[in-house]
Amino acid sequence: MAFGINREELLLWKSKISQGEIAFLTHYWMDDRFPESVTVTKVGCGCISRLAQWGSKYGLKKEWIHYRDSYPHYDLFGKKQKEILLKEGLQDHLNRFDL
């Protein structure tokens with residue numbers, strides 16, 4: 001279950017993905033499979049090859065891409081989430097969600 005974002009942020013993320021951009025969306029979440037994680041960053045792009053190439057820079061496998069609702073994306077959480085957000089210069093995500 002996602003929370004901590006508004007509809008405008010979600011729609012902007014989806015729009016960027018549809019335009020073939022690499023787009024980031026961080027939000028709070030609850031998932032019984034990952035009880036130690038309270039946030040997730042979804043990194044999406046409508047161009048699968050571009051997304052896979054981006055992911056390979058960080059050791060992410062193409063097989064880990066989620067193909068949900070026409071918005072392909074990686075789910076990042078934990079140490080990898082923080083590492084990538086830092087390297088991508090997304091300090092605002094880190095600050096907003098106290099990562």
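Nothing fancy with the numbering, it's 1 onward along the sequence. Reckoned from all heavy atoms, side chains included, excluding hydrogens, waters and symmetry mates.
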Taking [Y]'s backbone N and O only, do any of them form a donor-acceptor pair with [X]'s side chain (distance below 3.5 Å, no angle check)?
X: Asp31; Y: Arg33; answer: yes
X: Glu88; Y: Leu85; answer: no
X: Arg50; Y: Cys45; answer: no
X: Lys42; Y: Pro72; answer: no

Please work out which of the three classes, parallel, tilted or perpendicular, describes the rings of Trp54 and Phe24, given edges at 30° and 60°. perpendicular
Does the side chain of [X] pick up a donor-acceptor pair with the side chain of [Y] at under 3.5 Å?
X: Ser15; Y: Gln19; result: yes
X: Asp75; Y: His73; result: yes
X: Glu21; Y: Trp13; result: no

Counting only heavy atoms not in [X], do more than 12 sit closer than 6.0 Å to its [atom1] atom?
X: Lys57; atom1: NZ; answer: yes
X: Glu9; atom1: CD; answer: yes
X: Lys80; atom1: NZ; answer: yes

Determine whether Leu90 and Ile84 satisfy the following criterion, side chain to side chain contact (heavy atoms under 4.5 Å, CB included), listing intermediate values before the conclusion. CA-CA 9 Å; Leu90 296 169; Ile84 292 173; over 6 Å; no
Report the C-alpha distance between His27 and Thr39 in whole Å, list the side-chain angles of each, state the deciding distance to 0.1 Å, and finish with yes or no for side chain to side chain contact (heavy atoms under 4.5 Å, CB included). CA-CA 6 Å; His27 59 79; Thr39 62; over 6 Å; no
Rounded to the nearest 0.5 Å, what's the gap from [atom1] on [X] to [atom2] on [Y]? Could you check?
X: Leu25; Y: Ile5; atom1: CG; atom2: CD1; result: 4.5 Å
X: Cys47; Y: Ile17; atom1: SG; atom2: CD1; result: 12.5 Å
X: Tyr74; Y: Lys61; atom1: OH; atom2: NZ; result: 11.0 Å
X: His93; Y: Thr26; atom1: NE2; atom2: OG1; result: 4.5 Å
X: Phe77; Y: Phe34; atom1: CZ; atom2: CZ; result: 4.0 Å

So, for Trp29 and Ser37, which heavy atoms are closest and what is the spacing to 0.1 Å?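 Distance-wise, the nearest heavy atoms are NE1-O, 3.5 Å.
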Membership question, hydrophobic clusters at under 4.5 Å side-chain separation (ILVMFWY): are [Y] and [X] in the same one?
X: Ile22; Y: Leu11; result: no
X: Val43; Y: Leu60; result: yes
X: Leu94; Y: Phe97; result: yes
X: Met30; Y: Tyr28; result: yes

Taking the side chain as everything from C-beta on, heavy atoms only, tell me whether Tyr58 gets closer than 4.5 Å to Leu76.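 The answer is no; the side chains never approach within 4.5 Å.
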Gln91 side chain reached by Leu86 side chain, heavy atoms, under 4.5 Å: yes
Is it true that Glu83 and Lys87 have a side-chain N and a carboxylate O under 4.0 angstrom from each other?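 Salt bridge present between Glu83 and Lys87.
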